[in-house]
Colleague: 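Below you'll find the structure I mean.
In what follows, every chain begins at residue 1, and chains take the letters A, B, ... in the order their sequences are listed. Note that the structure is predicted; figures quoted are calculated from it, not measured.
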There are 2 protein chains.
Amino acid sequence: MTAGTIADAAPTVEPGRSVTAKVLAMLAAFTAEEPELTLSQLARRARLSLPTAHRRAAELVEWGALERDARGRYRIGLRLWEVASLAPRGVGLRDAAMPFLEDLYEVTHENVQLAVREGAEIVYVERIAGLHAVPVWTRVGGRFAMHATGVGLVLLAHAPASVQQEVLGLPLRRFTDRTVTDPKALRRILADIRRLGYAVSDGQVTLDALSVAAPIFDPDGEVVAAVSLVVRADGAQPAALAPLVQTAARGITRASRVTAAGRPVMRSPPRPVPAQRPGSAR
Amino acid sequence: MTAGTIADAAPTVEPGRSVTAKVLAMLAAFTAEEPELTLSQLARRARLSLPTAHRRAAELVEWGALERDARGRYRIGLRLWEVASLAPRGVGLRDAAMPFLEDLYEVTHENVQLAVREGAEIVYVERIAGLHAVPVWTRVGGRFAMHATGVGLVLLAHAPASVQQEVLGLPLRRFTDRTVTDPKALRRILADIRRLGYAVSDGQVTLDALSVAAPIFDPDGEVVAAVSLVVRADGAQPAALAPLVQTAARGITRASRVTAAGRPVMRSPPRPVPAQRPGSAR
DNA sequence: GCAGCGTTTTCACTGGATGGAAGGGTTCTC
DNA sequence: GAGAACCCTTCCATCCAGTGAAAACGCTGC
């Protein structure tokens with residue numbers, strides 16, 4: 001198959017990729033920076049030929065996984081968002097946590113964040129950002145490194161050994177001159193976090209921000225998520241904030257225990273329509 | 001599995017369905033009531049043979065669109081949730097609206113809801129439910145009929161004529177004896193909503209709840225979403241609440257105008273890792 | 001009018017996707 | 001603790017859905 005040299009001039013398409021993989025690659029082509037793409041962009045990013053991208057995109061649009069705007073550009077569709085809302089680690093967790101996050105926000109008017117671990121990074125599941133609170137770089141659905149933030153440190157401290165090795169093995173990115181990048185020092189910090197039950201990240205992402213985070217457990221006692229409060233660094237008293245955050249974390253642990261065990265999260269709403277999708281009609 | 005009757009006998013598989021459609025059918029198999037499924041359930045609901053479901057599911061798990069829990073059951077994965085977070089009508093809208101929803105909640109401590117139209121139904125994009133507020137049946141990512149709720153009425157009032165005809169053409173479900181089910185009457189109500197700039201649904205879904213909703217516009221002046229405040233029906237003064245909701249709606253309109261036009265929603269976060277997914281490695 | 005894009009359709013070919021069957025595992029029931 | 005009832009996984013020959021090149025089409029700006 002390989003004509004001529006290695007990886008010769010854009011061999012159009014690598015064969016052997018399944019249709020499923022191609023479709024998923026198309027979805028992965030969208031980013032927060034460019035949430036709308038033309039067909040050509042989509043094809044290039046997913047490494048597909050134009051006709052193929054065109055056909056798959058048409059199917060995705062028909063189902064609702066993608067939408068087209070007035071200019072014909074593609075974007076992620078609401079239907080996909082609906083389905084994704086069923087992700088237990090996403091919205092499920094979020095719903096259980098929300099009242100507690102609200103409380104935390106209302107009491108402090110600072111940034112409140114909820115995150116889970118995905119591989120060797122964290123993903124923000126929810127955040128409440130006060131307009132007057134210290135600015136943070138997070139976005140719901142966004143990823144971040146584990147070694148610098150409060151939630152990241154909590155999740156790293158309770159991650160499987162293999163994940164810890166992976167993170168500590170690679171060079172740790174320095175965001176500010178307070179970022180801990182020495183694996184030895186970081187291991188000590190992680191031990192402290194396990195011992196104390198909360199983490200503090202002081203100026204490790206931006207110098208003006210300090211975050212205090214605490215772990216959320218699942219019914220088996222595994223750490224599945226973390227909450228944090230991000231405040232202005234000067235004058236902040238981590239030890240005073242910790243109980244607040246820990247209490248919220250305990251509350252969320254308790255709440256998600258219920259939702260996870262007892263099936264019905266709420267009375268099932270009256271189905272307005274037999275939920276028959278146009279596509280599934282006979 | 002009712003053996004014997006019609007429909008059973010599982011005619012194995014209807015051919016001609018594309019791989020993409022099958023994969024999407026698998027995603028659509030998950031519901032809020034059953035967010036975790038065994039492979040067999042998945043195969044049945046998506047009308048696929050077991051081996052096929054098994055193979056597709058394996059690919060979806062590898063990519064992160066699905067996850068498997070300890071018992072081997074499948075559920076929607078966080079990676080899909082991440083991608084879906086890029087849906088402009090989902091999280092994009094939500095992020096722009098959140099501060100205003102927060103304000104609305106903090107002032108009233110009642111239920112705050114944000115919804116968009118999808119076909120002939122509404123989809124809730126965000127909701128803030130006070131623990132002490134009147135109970136409501138909504139769920140983020142959940143659907144509902146348009147003709148009874150505040151947000152539904154606003155979105156229906158500003159929907160294309162074809163959608164209005166579709167909704168008004170079918171029998172309108174009665175949730176309570178205050179639900180308006182007469183097309184004529186509903187048309188008059190929709191006209192009032194367009195004239196006044198807000199909608200009131202008084203006891204039309206549950207007798208104890210009243211909601212006041214207002215429209216959110218896109219830069220072209222189209223109504224793309226609606227906000228509502230749901231309060232206890234007895235003693236509520238819709239006319240007094242309307243300005244509050246309308247102000248929030250105006251604020252969201254203004255905020256989403258900015259995010260839609262000016263590309264950068266926020267300073268792009270420092271990319272912790274080149275965002276290289278395991279699957280895309282060389 | 002022309003050039004430069006991006007989109008859509010057509011067509012013959014081919015290899016990934018397919019389901020039946022069979023093997024192996026786990027969790028209930030009696 | 002034997003049996004039943006599911007559920008999951010792998011194998012293999014068949015075949016049709018998916019494929020890219022090429023060309024037609026549509027739009028926008030100059």
Colleague: Between D:dG18, D:dC7, D:dG20, which one does the side chain of A:T52 approach most closely?
Modeller: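 Of the options given, the side chain of A:T52 lies nearest D:dG20.
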Colleague: In whole Å, I'd like the distance from the CZ atom of A:R73 to the P atom of C:dG6.
Modeller: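 Atom CZ in A:R73 sits about 12 Å away from atom P in C:dG6.
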Colleague: Walk me through it: do A:R94 and B:E126 pass the test salt bridge (charged side-chain N to carboxylate O under 4.0 Å, His left out)?
Modeller: CA-CA 11 Å; A:R94 189 209 100 103; B:E126 181 57 277; 3.0 Å; yes
Colleague: Between A:R139 and B:E82, does any NZ, NE, NH1 or NH2 come within less than 4.0 Å of an OD or OE carboxylate oxygen?
Modeller: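 Here B:E82 does not pair with A:R139 in a salt bridge, since their nearest N and O are not under 4.0 Å apart.
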Colleague: Within the pair A:S49 and D:dA21, is there a side-chain N or O less than 4.0 Å away from OP1 or OP2?
Modeller: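 Answer is no, no contact under 4.0 Å.
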Colleague: Please report, rounded to the nearest Å, how far the P atom of D:dC8 is from the CG atom of B:L48.
Modeller: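 Interatomic distance, CG of B:L48 to P of D:dC8: 14 Å.
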Colleague: If I take atom OG1 from residue B:T52 and atom NE2 from residue B:H54, how far apart are they, to the nearest 0.5 angstrom?
Modeller: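 With rounding to 0.5 Å, OG1 (B:T52) is 11.5 Å from NE2 (B:H54).
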Colleague: In whole angstroms, how far is the C1' atom of C:dG6 from the CZ atom of A:R45?
Modeller: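 After rounding, the reported distance stands at 16 Å.
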Colleague: Given D:dA17, is OP1 or OP2 found less than 4.0 Å from the side-chain N or O atoms of B:K22?
Modeller: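 No, because none of the side-chain N or O atoms of B:K22 sits under 4.0 Å from OP1 or OP2 of D:dA17.
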Colleague: Rounded to whole Å, please give me the gap between CZ in B:R68 and C1' in D:dC7.
Modeller: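 So the CZ-C1' distance, B:R68 to D:dC7, works out to 10 Å.
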Colleague: More 5' along DNA chain C: A:H54 or B:R56, using each one's nearest nucleotide?
Modeller: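 The 5'-side residue here is A:H54.
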Colleague: Per the atom types in the model, does the base of C:dG19 pair as donor or acceptor with the side chain of B:R55 at under 3.5 Å?
Modeller: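 Yes.
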Colleague: If I take atom CZ from residue A:R79 and atom CG from residue B:L27, how far apart are they, to the nearest 0.5 angstrom?
Modeller: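 If I round to the nearest 0.5 Å, the distance is 9.5 Å.
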Colleague: Can you tell me how far CG of A:D218 sits from CG of A:L93, rounded to the nearest 0.5 angstrom?
Modeller: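 Nearest 0.5 Å value for the CG-CG distance: 11.0 Å.
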Colleague: With the side chain of B:Y74 defined as its heavy atoms from C-beta on, choose the nearest nucleotide among C:dA17, D:dT9, C:dT18.
Modeller: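 Of the options given, the side chain of B:Y74 lies nearest D:dT9.
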Colleague: Starting at the 5' end of DNA chain C, which residue's closest nucleotide do you reach first, A:L50 or B:E59?
Modeller: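 Here A:L50 is the residue nearer the 5' end.
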Colleague: Quick one: on DNA chain D, does A:V19 or A:P51 contact a more 5' nucleotide (nearest heavy atom)?
Modeller: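 Nearest nucleotide further toward 5': that of A:V19.
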Colleague: Treating primed atoms plus P, OP1 and OP2 as sugar-phosphate and everything else as base, which nucleotides of nucleotides 24-30 of chain D get B, S or - for protein heavy atoms under 4.0 Å?
Modeller: -------
Colleague: Provide, to the nearest angstrom, the distance between the CZ atom belonging to A:R17 and the P atom belonging to D:dG20.
Modeller: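 Roughly 9 Å, once rounded to whole Å.
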Colleague: Can a salt bridge be assigned to the pair A:E34 and A:R45 using a cut-off of 4.0 Å between side-chain N and carboxylate O?
Modeller: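 The answer is yes: the pair qualifies as a salt bridge.
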Colleague: Base, sugar-phosphate, or nothing: which does A:R44 touch, judged by heavy atoms less than 4.0 Å apart?
Modeller: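 Result for A:R44 = nothing.
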Colleague: Is the backbone of B:R117 close enough, under 3.5 Å, to the side chain of B:R89 for a donor and an acceptor to pair up by distance?
Modeller: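 Present.
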Colleague: In dot-bracket form, 5' to 3', how is DNA chain D paired? Count Watson-Crick and G-U wobble pairs only if both distances fall under 3.5 Å, and write | where the partner sits on another strand.
Modeller: ||||||||||||||||||||||||||||||
Colleague: Nearest 0.5 Å, please: how far is OG1 in B:T138 from CZ in B:F144?
Modeller: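 B:F144 atom CZ to B:T138 atom OG1 measures 9.0 Å (nearest 0.5 Å).
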Colleague: To the nearest 0.5 Å, how far apart are CD in A:E166 and CE in A:M146?
Modeller: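 So the CD of A:E166 and the CE of A:M146 are separated by 10.0 Å.
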Colleague: What's the separation between atom CD in B:Q164 and atom NE2 in B:H147, rounded to the nearest 0.5 Å?
Modeller: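 Atom-to-atom, B:Q164:CD and B:H147:NE2 are 14.5 Å apart.
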Colleague: In terms of side-chain heavy atoms of A:L39, which of D:dT19, C:dT7, D:dG18 is nearest?
Modeller: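 Among D:dT19, C:dT7, D:dG18, the one nearest the side chain of A:L39 is C:dT7.
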Colleague: Over how many whole Å does the gap from A:D69 atom CG to C:dT7 atom C1' extend?
Modeller: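 Result: 14 Å.
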